[in-house]
Amino acid sequence: MHEFLFFTSWFVPFYSLLGAILTLPWSIGIIQRTGPRPAAYLNSLTTLVAFFHSLFVFQDIWNRDPEILVITWFQSGDFNLTFALELSPVSIGAIVLITGLSLLAQIYALGYMEKDWSLARFFGLLGFFEAALTGLAISDSLFLSYALLEVLTLSTYLLVGFWYAQPLVVTAARDAFLTKRVGDLLLLMGVVVLSTQAGSLNYSDLYEWVQTADLNPFTSTLLGIALIAGPAGKCAQFPLHLWLDEAMEGPNPASVMRNSLVVGSGAYVLYKIQPLLALSPVALNALVVMGTVTALGATLVSIAQIDIKRALSHSTSAYMGLVFLAVGLQQGGVALMLLLTHAIAKALLFMSSGSIIYTTQSQDLTEMGGLWSRMPATTTAFVVGSAGMVTLLPLGSFWAMLAWADGLVKVSPWVIVVLLLVNGLTALNLTRVFRLIFWGNPQQKTRRAPEVGWQMAFPMVTLTILTLLLPLMLQQWYLLPDWESIDWYITLSLFTSTVLGVSIGSKIYLHKGWSRSTILGWRFVQDLLGYDFYIDRVYRLTIVSAVALLSKISSWCDRYLVDGIVNLVGFAAIFGGQSLKYSISGQSQGYMLTILVVISVLGFFISWSLGLLDKLPF
């Protein structure tokens, strides 16, 4: 039985795809009498089967070696297109995480979107989403990974634009799709180059090729930049980071998946191609710079947000920046550990924030307050999720940060400063959000706010327990460092940054009437961070303006040069034909005379040109 489940693990993505297909009769309106809930139940059932299948395999996979399954998709002559799938503790563990969080998000969505008329379509898109994520987890082929990343781009577009009747939602979906397409196009160029240089796109073959690869520095640099462009777009890294903030216009259950798993998919691909990036020191340095800028910049921007979902989404970009920094410094294992701890804690935070939005019908932090006594389950979930995000002993992120810091304290000591700043500012931001939502006096929208129903409370309670038990799971998987090897100075520094962030954040109070400071200097800083350093306006004045100018020039050339020449030839033909019809006499001697005159003129020009050639010195 275990052997059968193990070797059929490749079928897990098809469970989710089957669930998405089963929702079609309700999604497209063929079945209307029953309402959309049966479609949601069918999709959740397939996700439940996928979760238990992968969980049983995960329990047994620690006792066996990883397996690579090669599936031949197309073969003709010398051309052989194969897909490789990896069955290992990392890949199966990723599937367990994906299907588990997806199942909880779907249960959560049953309560959050219970009155939505297109619930079946939403669950169908979630199944499509989940199928691409689970397929990406077990993929051992760069080509297959690229194809699944494209599916995720399409899924993001459809889920962000789910409420397509709202103009702001349509704009957010379009921007998310186009921004990701920039990175995906560059990644496709890298995939094509590797297919010609290495002869195979399976990761195992690429790892062997990279050991003997002989590329000139310019080619290796361009290849490395192309390979990191796709993950940068998926993980919302600078300069392709603006889409994640706008994507918060979509339904909150989709935001749970997007901020915990989808952004992690790009980082997972980056982890898989880490040996290829070693060919280019420039690419590794680009990862370090990109991750550092995004981690610090996004953390600062999150502090100035008064929208609860946007305040949390910027911290997602910041933590993915830390993952990019870890990969750039060749710390792939730490990057995976950080992805695991972040996914669980961030999913819990977005579920608690969605409960607040569902109850108060508001996302504005300045309109909230005093919810701790009215929503105890949501309050507990937010506190535990926030503690899981920062280095608070003994929760998961503490060990992820500590494992990273211990390895780099002597090699790259400046990284410790980045970790301390990001951790301290994240603690400050989460404490600020907690104070504005749960502390203080109730306002109009929070005075009678009840706790959410069991369908939304059950996933939050489950993730709360899982966040608290995560250190025990890490210990069981032998991922925690030994007590003898811990650098207590680094440990104390990380813990101190958390305490300072919590202390400062607890003192920040933002009244609705004081949402903008009356002091010019503070107002400038507040607007600078609140509007994301005005990067969107910089893009509009530079890249967008340049593209618009080139489009106008191209349109003018097409209209007046290309079309003008064609129209001139057509006009000349019409004019010549109209003119010649008046010279028609019907007499053959007139035709012969015309032919002789034309031939004489052509002969004169030919002889004149030959005479000029004879006079030239060569």
Donor-acceptor pair, side chain of Asp307 and main chain of Arg310, under 3.5 angstrom = yes

note = To the nearest 0.5 Å, atom OG of Ser317 lies from atom CG of Leu240 at 11.0 Å

message = Give me each pair satisfying side chain to side chain donor-acceptor pair (under 3.5 Å) with a member in residues 159-180, each pair once, sequence neighbours excluded.
response = Asp116-Trp163, Thr156-Lys180

inquiry  = Can you confirm whether Ile504 sits close enough to Arg432 that some side-chain heavy atom of one is under 4.5 Å from a side-chain heavy atom of the other?
reply    = no

task = Decide yes or no on side-chain hydrogen bond (donor to acceptor under 3.5 Å, both in side chains) for Thr391 and Thr498, but give the supporting numbers first.
result = CA-CA 6 Å; Thr391 54; Thr498 301; 2.8 Å; yes

ask   = Looking at side-chain heavy atoms only, is the closest gap between Ser44 and Ile107 below 4.5 Å?
value = no

task = Quick one: pull up CG in Leu349 and OG in Ser313 and give me the separation to the nearest 0.5 Å.
result = 12.0 Å

4.5 Å side-chain heavy-atom contact, Ser362 and Ile357 = no

Parallel, tilted or perpendicular: ring planes of Phe162 versus Phe122, cut at 30 and 60 degrees = perpendicular

Flag if over 12 foreign heavy atoms under 6.0 Å of CZ, Phe495 = no

Lys234 and its side chain to side chain contact (heavy atoms under 4.5 Å, CB included) partner, picked from Leu270, Leu244, Asp184 = Asp184

query = Passes side-chain hydrogen bond (donor to acceptor under 3.5 Å, both in side chains), Glu130 versus Thr99? Steps please.
reply = CA-CA 7 Å; Glu130 181 188 334; Thr99 54; 5.6 Å; no

task = Quick one: sort the Tyr108 and Tyr112 rings into parallel, tilted or perpendicular, breaks at 30° and 60°.
result = parallel

query = Which pairs pass side chain to side chain donor-acceptor pair (under 3.5 Å) with one or both residues in residues 462-474, sequence neighbours excluded?
reply = none

key: Atom pair CD1/CG of Ile308 and Asp364 - distance to nearest 0.5 Å   = 10.5 Å

inquiry  = A quick test of your reading: do over 12 heavy atoms of other residues, nucleotides or ligands sit less than 6.0 Å from OH of Tyr157?
reply    = no

inquiry  = By the side chain to side chain donor-acceptor pair (under 3.5 Å) test, which pairs, at least two apart or in different chains, include something from residues 341-354?
reply    = Ser315-Lys346, Thr316-Lys346, His342-Lys346

ask   = Out of Leu428, Ile303, Leu365, which one pairs with Val433 under the side chain to side chain contact (heavy atoms under 4.5 Å, CB included) rule?
value = Leu365

Polar contact flag, side-chain donor to acceptor under 3.5 angstrom, Gln106-Thr47 = yes

task = For Tyr539 and Pro239, indicate whether the former's side chain and the latter's backbone hold a donor-acceptor pair under 3.5 Å.
result = yes

